[in-house]
Undergrad: 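Okay, here's the structure, questions in a sec.
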Amino acid sequence: MKASPKQLIFLVVFTFLGGYILYSLYSSQSALYAEEMLLKGLDPSEHTLLKKLVDDFRSINPIWLIIVLGVYTLSNMFRAWRWKQALEPMGYQVSTANSYFTLMLGYFANLGFPRIGEAARPASLAKYENIEFEKVFGTVVTERVVDVIGLLTVIMFSLLFEYEALIRLFSGSDFLSANLGVISDNPILVICILVLIPIIGYFIITRPFIKNSKIYAKIVEMIKGFWQGIISIKGLKNPWLYVGYSLGIWICYYLMTYLCFFAYGPTSHLGPGEGLLTFLFGTLGMVFPSQGGMGSYHFAVGEALQLYDISSTDAFSFANIIFFSIQILCNVFFGILALIVLPIINKGNTRNVQT
């Protein structure tokens, strides 16, 4: 797939930004770690952050890390099964192997060019399964709609169970801290705010100059597409199985973060609630269109862990453990494996060919 000049500019800009964020984080954490070593009476030139990162990777409990990687593989199997199911109403029987390996090929492509995997994986599956690209791509759009619902659900549970930690996040601002405290102590005020926001929003968006704007039209079109993606699930033979696969994916994503706590000493005491908020922050960090969330993921996870009194350097190490174990090691390995396996298992394949 050839990249357009706009896509190349996009690649360069966000690669630079992601790299810059990661470099800035490393530089600031390195300075903090040097100060910490001085306070302990140690030589910063001999006890560098890079040496700490290497030592932290060596200290990982391999059993827990293997379990995390197993959960990651299971999440991708759920996604492959869900994708396979989404194509059945159109009369296509897709092999699980093709569904899984083209998915991994998409993840691998994202490491080189952010978001290109969204087109690469349906294009690959369409090629190997002899299906029109547009039909396969439509199922990916529906997946993204369901994933947005999953993310919103995680945000809701985080607000419900880790409300105090989120309050601490804003405690640096006296204004926010004071007002959030007043709101949290007054449930009637919370209800009034929740009721008033939709009412005020309705009166704002129904103003003629807003309704006639291009931005409004695009938002309406996006909402319609979102809704069409949701109702398309009803056409499946077993929609509840699709929902079950979706739940399985997000539960696995959460467990990957939570179980990884036990693989690293400084985070091994953290509980499920801390895992939920760290997972949410990490997911939001992955939204940034850099290679695999490079830089933005490290920043977001670090901010979450520091809410639970994990030092910034330990938080940086934890973020790197997940990032390099899953985003780099796993996705590169399975991506290369997909490039080797897919042509072999599909040699002479005539599945879904129209006769």
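Heavy-atom basis, side chains included; hydrogens, waters and symmetry copies ignored. Computed from a predicted structure; not experimentally measured.
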Undergrad: Check whether any side-chain heavy atom of Y72 sits under 4.5 Å from a side-chain heavy atom of N76, and report yes or no.
TA: yes
Undergrad: For a quick test of reading the model, state the closest non-hydrogen atom pair linking L53 to S317 and the distance between them.
TA: CD2-OG, 3.3 Å
Undergrad: Let me confirm one number: the OH-CD1 distance from Y92 to I131, rounded to the nearest 0.5 Å.
TA: 6.0 Å
Undergrad: Grab the two heavy atoms, one from L103 and one from A80, that are nearest each other, plus how far apart they are.
TA: CD2-N, 4.3 Å
Undergrad: Could you go step by step and tell me if F281 and L305 meet the side chain to side chain contact (heavy atoms under 4.5 Å, CB included) rule?
TA: CA-CA 9 Å; F281 275 49; L305 288 175; over 6 Å; no
Undergrad: Do the non-hydrogen side-chain atoms of F318 and I322 ever get within less than 4.5 Å of each other?
TA: yes
Undergrad: Just verifying a value: how many Å separate L65 CG and I321 CD1, rounded to the nearest 0.5 Å?
TA: 8.0 Å
Undergrad: Check the pair L87, L125 against side chain to side chain contact (heavy atoms under 4.5 Å, CB included), reporting the backbone distance first and the verdict last.
TA: CA-CA 11 Å; L87 288 161; L125 189 68; 3.7 Å; yes
Undergrad: Only counting residues at least two apart or in another chain, list the ones meeting side-chain hydrogen bond (donor to acceptor under 3.5 Å, both in side chains) with E303.
TA: none
Undergrad: If you look at every heavy atom in R79 and E143, which pair is closest and at what distance?
TA: NH1-OE1, 3.4 Å
Undergrad: With a 4.5 Å limit on heavy-atom distance, are the side chains of L151 and W250 in contact?
TA: yes
Undergrad: Considering the options T142, T139, N98, which one meets the side chain to side chain donor-acceptor pair (under 3.5 Å) requirement together with W83?
TA: T139
Undergrad: Might you point out which heavy atoms bring Y242 and A86 nearest each other, and give the distance in Å?
TA: CE1-CB, 4.1 Å
Undergrad: Between N320 and H298, is any pair of side-chain heavy atoms under 4.5 Å apart?
TA: yes
Undergrad: I'd like to know if the side chain of T48 reaches the main chain of S45, judged simply by a donor and an acceptor atom lying under 3.5 Å from each other, with no hydrogens or angles considered.
TA: no
Undergrad: Give a yes or no answer on whether the side chain of S59 reaches the backbone of D56 with a donor-acceptor pair at less than 3.5 Å.
TA: yes
Undergrad: Answer yes when D43 and K51 have at least one side-chain N-carboxylate O distance shorter than 4.0 Å, and no when they do not.
TA: no
Undergrad: Could you state the interatomic distance from CG (N110) to CG (N331), rounded to the nearest 0.5 Å?
TA: 8.5 Å
Undergrad: Which atoms form the tightest heavy-atom contact between A315 and G302, and what is the distance?
TA: CB-CA, 3.8 Å
Undergrad: Say whether V54 and I60 are linked into one hydrophobic cluster, either directly or through other cluster members, by side-chain heavy-atom distances under 4.5 angstrom.
TA: no
Undergrad: Would you call F316 and S311 a side-chain contact if the rule is heavy atoms closer than 4.5 Å?
TA: no
Undergrad: Determine the minimum heavy-atom distance between G282 and V301, stating which atoms define it.
TA: CA-CG2, 3.8 Å
Undergrad: Would you say V146 and R82 make side-chain contact, with heavy atoms under 4.5 Å?
TA: yes
Undergrad: Would you please classify the geometry between the Y258 ring and the Y254 ring as parallel, tilted or perpendicular, with 30° and 60° separating the classes?
TA: parallel
Undergrad: Measure the acute angle between the ring planes of F57 and F324, then classify it against the limits of 30° and 60° as parallel, tilted or perpendicular.
TA: perpendicular
Undergrad: Counting only heavy atoms not in I63, do more than 12 sit closer than 6.0 Å to its CD1 atom?
TA: no
Undergrad: Is there a donor in the side chain of Q29 and an acceptor in the side chain of S312, or the other way round, less than 3.5 Å apart?
TA: yes
Undergrad: How far does CG of N61 sit from OG of S268, to the nearest 0.5 angstrom?
TA: 9.5 Å
Undergrad: For Q85 and W81, indicate whether the former's side chain and the latter's backbone hold a donor-acceptor pair under 3.5 Å.
TA: no
Undergrad: Is I336 reachable from F333 through a run of I, L, V, M, F, W or Y residues, each pair having side-chain heavy atoms under 4.5 Å apart?
TA: yes
Undergrad: Against V71, only a single residue in I326, L259, T257 fulfils side chain to side chain contact (heavy atoms under 4.5 Å, CB included); can you say which?
TA: L259
Undergrad: S30 side chain to S27 main-chain N or O, any donor-acceptor pair under 3.5 Å?
TA: no
Undergrad: Step by step, would you call V154 with Y253 a side chain to side chain contact (heavy atoms under 4.5 Å, CB included)?
TA: CA-CA 11 Å; V154 172; Y253 285 171; over 6 Å; no
Undergrad: What distance separates L50 CG from D55 CG, expressed to the nearest 0.5 Å?
TA: 9.5 Å
Undergrad: Tell me whether L42 is reachable from L39 by hopping between hydrophobic residues (I, L, V, M, F, W, Y) whose side-chain heavy atoms are closer than 4.5 Å.
TA: no
Undergrad: Mind checking whether Y100 and T73 have side chains closer than 4.5 Å, heavy atoms only?
TA: yes
Undergrad: I'd like to know whether R121 forms a side chain to side chain contact (heavy atoms under 4.5 Å, CB included) with L105, so could you lay out the CA-CA distance, the side-chain angles of the two residues, the decisive distance to 0.1 Å, and finally the verdict.
TA: CA-CA 6 Å; R121 75 177 178 101; L105 197 60; 5.8 Å; no
Undergrad: Using the rule that two of Ile, Leu, Val, Met, Phe, Trp, Tyr join whenever any of their side-chain heavy atoms come within less than 4.5 Å, decide whether M156 and L159 are in one cluster.
TA: yes
Undergrad: Please confirm whether the backbone N or O of S95 pairs with a side-chain atom of E129, one donor and one acceptor, at under 3.5 Å?
TA: yes
Undergrad: With a 4.5 Å cut-off on side-chain heavy-atom distances among I, L, V, M, F, W and Y, is there a chain of contacts connecting L337 to L69?
TA: yes
Undergrad: Please round to the nearest 0.5 Å and tell me the distance separating atom OG1 of T153 and atom CZ of F157.
TA: 7.0 Å
Undergrad: Is there a side-chain contact between Y308 and T267 (heavy atoms, below 4.5 Å)?
TA: no
